[in-house]
Number of protein chains: 2
Amino acid sequence: MRRTRFDDWPCPIARATDLIGDWWTPLVMRELFYGRRRFDEIAESLQVPRAVLTARLNRLVDEGMITKVAYQERPVRHEYRLTEKGLAFGDVLLAMWRWAADWQWPEGDGPTVGLKSKATGEYVDPVVVDEHTGERTTMRTVRLARARATAAEPTPTPTLRQAEVPSTTE
Amino acid sequence: MRRTRFDDWPCPIARATDLIGDWWTPLVMRELFYGRRRFDEIAESLQVPRAVLTARLNRLVDEGMITKVAYQERPVRHEYRLTEKGLAFGDVLLAMWRWAADWQWPEGDGPTVGLKSKATGEYVDPVVVDEHTGERTTMRTVRLARARATAAEPTPTPTLRQAEVPSTTE
DNA sequence: CGACTAAGTTCGTTCGTTGAACCCACCATC
DNA sequence: GATGGTGGGTTCAACGAACGAACTTAGTCG
């Protein structure tokens, strides 16, 4: 009677939920985006139980979101780095950020942290648009359809090649 | 020793995680976007344990994402409808959709369902951009900053006024 | 009367999370 | 060579949450 798994459902939302639904996982990803790479660093910053952090990091490695890299020998010490797949997940975090910043604070209030563009220094407010037209896209403006022919599928090559992960903080 | 709550953390990602991290919740939201409004309809479609569905729907009502509306008396029967806040959550589902469609299928493969624009009938591929500049926005292109002055905060009025919820299906 | 429907509730079993304590390899210091 | 520190975990008991099946309630239909 273990928790129902969604990772082989035909719907992308279900498969994403299977990952995100692991309590703590989006926050662990956030920490990695903030540039924290070490076990103890993340454990202390989030105050997550260490056994849970072990389980989450192992799953993220299995999923190909992060890789475990030894940064020294004797004694062996590891750190965790985001892969391309893990970096791509940042879009989901940005959407979560925007929605919660808009709706999860009392009226007239908001979070004390915000997002600024590294390039321009201006505040950034993420929204979802269609990649081709640039038009605002919501669940109201779309409908379900058969997928396009598989050849046109723009799936990025799911290599685990190491990505540059500059810190999000200043 | 209950599950750690994130709903009063100062980070929007944490607050969103508190909701999403409830197993089944994003799928329940998906069903509502698909136009399913009745308890049994959702329970059968998702094969979710009924006690869990009860708990999730109650929480979503408490959060102001949905409202419970009687659609008949004698006997009283209810349905659940998305509020503005619930509709706004669609952006998170779209981001999850895009990420999982790109990364959670074996190489060269993809989901059998896709998204089309209701307006143009063309396939839609959601991406995250900055609302002001239209520039592609990722966790790599932003950095953390102090929030802008609260007056500029573009928080929508969190009314629970009923929203039109046309079915996403054809 | 009995069958059916929508929307739940109840319950015993199993799974997952929590927090605190413990472990181990190695290094530095006294 | 005992002591303490550090990084990266593992172990364990307690308890809350999820599972699936059965049951309930209020009303309609034939």
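Keep in mind that the numbers below use all heavy atoms, side chains included, and drop hydrogens, waters and symmetry copies. Naming: A, B, ... by sequence-line order, numbering from 1 per chain.
For the pair A/Lys68 NZ and D/dG8 P, the interatomic distance rounds to 9 Å; values are reported in whole Å. The CZ-P distance, from B/Arg36 to C/dA7, rounds to 15 Å in whole Å. Rounded to an integer number of Å, the gap from A/Leu46 CG to C/dG19 C1' is 16 Å. A/Gln72 has its CD atom 11 Å from the C1' atom of D/dG8, to the nearest Å. Residue B/His78 contributes atom NE2, which lies 16 Å from atom C1' of C/dT5 at whole-angstrom precision. For A/Leu53 and C/dG16, the CG to P distance is 18 Å, given to the nearest whole Å. Here C/dT18 presents its P atom at 11 Å from CG of A/Leu27, a figure rounded to the nearest Å. Atom pair A/Asn58:CG and C/dG16:P shows a separation of 15 Å (rounding to whole Å applied).
For B/Glu44, there are no side-chain contact (heavy atoms from CB on, under 4.5 Å) partners two or more places apart in sequence or in a different chain. Under the rule for a side-chain contact (heavy atoms from CB on, under 4.5 Å), the partners of B/Glu135 that lie at least two apart in sequence or sit in another chain are B/Thr133. With sequence neighbours excluded, the residues that form a side-chain contact (heavy atoms from CB on, under 4.5 Å) with B/Arg136 are A/Asp91, B/Val127, B/Val128, B/Thr138.
Of the side-chain N and O atoms in A/Tyr80, none sit less than 4.0 angstrom from OP1 or OP2 of D/dG7. Residue B/Tyr71 places at least one side-chain N or O closer than 4.0 Å to OP1 or OP2 of C/dA7.
Comparing A/Glu73 and B/Asp40 along DNA chain C, the residue whose closest nucleotide (by nearest heavy atom) sits nearer the 5' end is B/Asp40.
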For a quick test of your reading: what N or O donor-acceptor pairs under 3.5 Å do the side chains of residues 18-25 of chain B make, sequence neighbours left out?
residue : atom : partner : partner atom : Å
B/Asp18 : OD1  : B/Phe6  : N            : 2.8
B/Asp18 : OD2  : B/Arg5  : NH1          : 2.9
B/Asp18 : OD2  : B/Arg59 : NH2          : 2.6
B/Asp22 : OD1  : B/Arg3  : NH2          : 2.5
B/Asp22 : OD2  : B/Arg59 : NH1          : 2.8
B/Trp23 : NE1  : A/Thr4  : O            : 2.9
B/Thr25 : OG1  : B/Asp22 : O            : 3.4

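B/Met96 places a side-chain heavy atom less than 4.5 Å from the side chain of B/Pro26.
Here the options are B/Arg81, B/Arg77, B/Arg38, B/Glu79, the test is side chain to side chain donor-acceptor pair (under 3.5 Å), and the partner is B/Tyr71; only B/Arg38 passes.
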Nucleotide-resolved protein contact map, nucleotides 18-30 of chain D, B/S/- at heavy-atom distance under 4.0 Å: SBB-----BSS--

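Residue pairs meeting the side-chain hydrogen bond (donor to acceptor under 3.5 Å, both in side chains) criterion with at least one partner in residues 46-55 of chain A, sequence neighbours excluded, are A/Asp40-A/Arg50.
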